[in-house]
Amino acid sequence: MTGNEYGFDTLAIHAGQEPDPRTGSVVPPIYQTSTFAQDAVGSPRLGYEYSRSGNPTRDALQECLAAIEGGRRGLAFASGLAAEDALLRTLCRPGDHVVIPDDAYGGTFRLFSKVAENWGLDWTAAPLGDLDAVRAAFRPGKTRMIWAETPTNPLLNIADIAALAGLAHEYDAVLAVDNTFASPYLQQPLGLGADVVIHSTTKYLGGHSDVVGGALVTAEDGLGEQLAFHQNAMGAINGPFDAWLTLRGIKTLGVRMDRHCDNAERIVGFLQSHAKVVEVLYPGLESHPGHEIAAKQMSRFGGMISFRAKGGREQAIDICNRTKLFVLAESLGGVESLIEHPGQMTHLSAAGSPLEVPADLVRLSVGIETADDLLTDLEQALG
């Protein structure tokens with residue numbers, strides 16, 4: 001099933017999820033098994049030998065992921081960072097160089113600065129919305145990849161995917177785009193020229209805060225085969241029950257994202273007019289420096305909002321501690337609304353680095369609750 005034949009919501013519900021041929025089960029079974037009986041030596045049944053190498057439930061998820069991202073190959077991993085690690089070790093070698101966002105997710109920054117750097121991979125942080133700065137960061141013959149987030153976590157900056165793809169390919173490099181914040185429903189980087197898309201499926205794809213996972217989706221079969229080899233050889237695979245939960249979440253991704261966006265737009269309007277908020281960061285605002293590019297490459301602007309508290313760090317932390325419906329927790333993209341202080345939570349690993357986030361920053365993951373209830377909660381938390 002492809003996007004040329006079917007709409008997004010049809011793919012989300014049906015791609016890779018044909019009724020079970022033996023029983024007629026409408027929902028793909030959970031193949032909770034470590035190994036598979038073989039018909040004869042050298043003759044595994046349907047190609048399945050061992051669940052690290054292949055599992056029917058994971059295969060169903062992987063086929064669905066490829067379909068909804070408009071890609072050729074989807075691969076599911078134990079977490080978003082496991083997917084990132086597999087991508088880096090597949091495409092890069094010691095001595096190579098990667099350009100990353102100057103406001104990347106804290107876990108991604110930690111992977112580059114504390115793990116990959118020790119392995120010999122070099123990196124430079126640059127504002128990816130500034131193509132001249134990205135070009136200046138390139139090291140011809142060394143730069144293997146541009147690693148993009150758009151919108152970024154947590155400052156919600158926007159990068160022009162098509163322009164970055166052109167720049168990367170000019171230098172025979174690869175463009176990898178973390179599409180976690182937007183989700184495939186709102187943005188499809190492969191159609192804009194990206195080579196590979198990264199997801200923490202823990203977030204919007206799973207959508208219910210009950211499963212951890214990651215994914216890679218490639219534009220070409222060749223890169224997909226390389227990644228599949230490393231997925232098996234390195235072993236950080238998505239378990240069958242986790243794959244099943246993620247598939248269940250994907251079925252409602254479209255309708256959930258519509259509500260996330262509706263609620264976020266109302267909250268942005270409220271925060272903009274509040275005396276205790278200095279700045280609202282949301283790409284749907286015409287005042288946002290990346291608004292025009294976001295409008296070009298996204299269908300809507302998502303459920304993530306960041307804002308800066310007028311009272312600085314202490315007030316930002318106080319707001320996080322005072323909410324009742326917004327749960328104080330890391331992660332994002334679930335049906336319930338979450339609030340956090342990035343400087344002390346998800347982005348603590350970037351403290352003291354050029355990627356350190358403002359101390360007065362509050363990040364919201366807007367859920368699908370009744371919008372009026374969320375607004376009332378924020379109003380009392382802001383005091």
Side-chain angles (χ1 to χ4, degrees), residues 1 8-20 23-34 36 48 50-69 71 73-86 107 178-186 197-217 228 231-232 235-260 303-304 327 329-338 365 367-369:
M1 300 182 72
F8 182 91
D9 291 317
T10 302
L11 294 174
I13 293 168
H14 292 286
Q17 300 168 79
E18 292 294 324
D20 180 55
T23 66
S25 172
V26 172
V27 176
I30 303 171
Y31 287 90
Q32 194 69 47
T33 184
S34 61
F36 300 85
Y48 291 109
Y50 186 61
S51 272
R52 172 173 43 78
S53 303
N55 179 283
T57 315
R58 188 167 74 245
D59 284 349
L61 171 60
Q62 293 179 155
E63 185 176 338
C64 185
L65 288 166
I68 62 175
E69 274 288 7
R73 186 73 179 265
L75 297 160
F77 293 83
S79 69
L81 282 168
E84 294 186 9
D85 180 53
D178 185 337
N179 201 31
T180 298
F181 263 33
S183 88
Y185 183 69
L186 302 181
V197 166
I198 307 148
H199 280 284
S200 170
T201 58
T202 310
K203 313 304 194 298
Y204 285 110
L205 290 170
H208 294 78
S209 302
D210 57 7
V211 63
V212 173
L216 300 172
V217 182
Q231 180 195 43
N232 178 49
I237 48 88
N238 197 243
F241 185 50
D242 291 346
W244 185 87
L245 284 170
T246 305
L247 266 177
R248 185 183 65 168
I250 289 173
K251 288 176 185 287
T252 59
L253 178 61
V255 293
R256 286 188 287 106
M257 291 308 300
D258 284 337
R259 176 63 73 84
H260 285 300
M304 299 301 300
V327 180
E330 298 186 1
S331 197
L332 59 103
V335 293
E336 64 287 304
S337 294
L338 304 180
S365 173
I368 66 172
E369 301 96 336

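In this text, all values refer to a predicted model and were calculated from it rather than measured experimentally. Note: hydrogens, waters and symmetry copies are ignored here, and every other heavy atom, side chains too, is used.
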Practice task
Under the side-chain contact (heavy atoms from CB on, under 4.5 Å) rule, what do H208 and T252 come out as? Steps first, then yes or no, please.
Solution key: CA-CA 11 Å; H208 294 78; T252 59; 4.2 Å; yes

Problem - Any side-chain heavy-atom pair of Q62 and N238 under 4.5 Å - result: no

Problem - Within-4.5 Å side-chain heavy-atom neighbours: I198 and L216 - result: yes

Exercise for the section: Could you tell me whether the side chain of T57 and the main chain of P29 form a donor-acceptor pair under 3.5 Å? Expected result: yes

Donor-acceptor list for residues 239-251 side chains, cut-off 3.5 Å, not counting sequence neighbours:
from: W244; atom 1: NE1; to: P28; atom 2: O; distance (Å): 3.2
from: T246; atom 1: OG1; to: D242; atom 2: O; distance (Å): 2.9
from: R248; atom 1: NH2; to: D210; atom 2: OD2; distance (Å): 3.3
from: K251; atom 1: NZ; to: I13; atom 2: O; distance (Å): 3.2
from: K251; atom 1: NZ; to: Q17; atom 2: OE1; distance (Å): 2.9

Practice task
Find out whether Q231 and R58 are in side-chain contact, i.e. whether some heavy atom of one side chain is under 4.5 Å from a heavy atom of the other.
Solution key: yes

Problem - Non-hydrogen side-chain atoms of I237 and N55 separated by less than 4.5 Å - result: no

Problem - Side chain to side chain, S53 and F36, heavy atoms closer than 4.5 Å - result: no

Handout entry: Heavy-atom check, side chain of Y31 versus side chain of S51, under 4.5 Å
Key = no

Exercise for the section: Say whether, by atom type as modelled, one donor and one acceptor occur between the side chain of T202 and the main chain of G213 under 3.5 angstrom. Expected result: yes

Exercise for the section: Evaluate the criterion side-chain contact (heavy atoms from CB on, under 4.5 Å) for residue pair F77 and D85; output intermediate values, then yes/no. Expected result: CA-CA 10 Å; F77 293 83; D85 180 53; over 6 Å; no

Practice task
Decide yes or no for L61 and T201: does some side-chain heavy atom of the first lie under 4.5 Å from some side-chain heavy atom of the second?
Solution key: no

Problem - Shortest non-hydrogen contact from G333 toward S365 - result: N-OG, 2.9 Å

Problem - Side-chain heavy-atom pair L186, F181 within 4.5 angstrom cut-off - result: no

Problem - Atom pair NE2 (H199) and CG (L205), whose distance is rounded to the nearest 0.5 Å - result: 5.0 Å

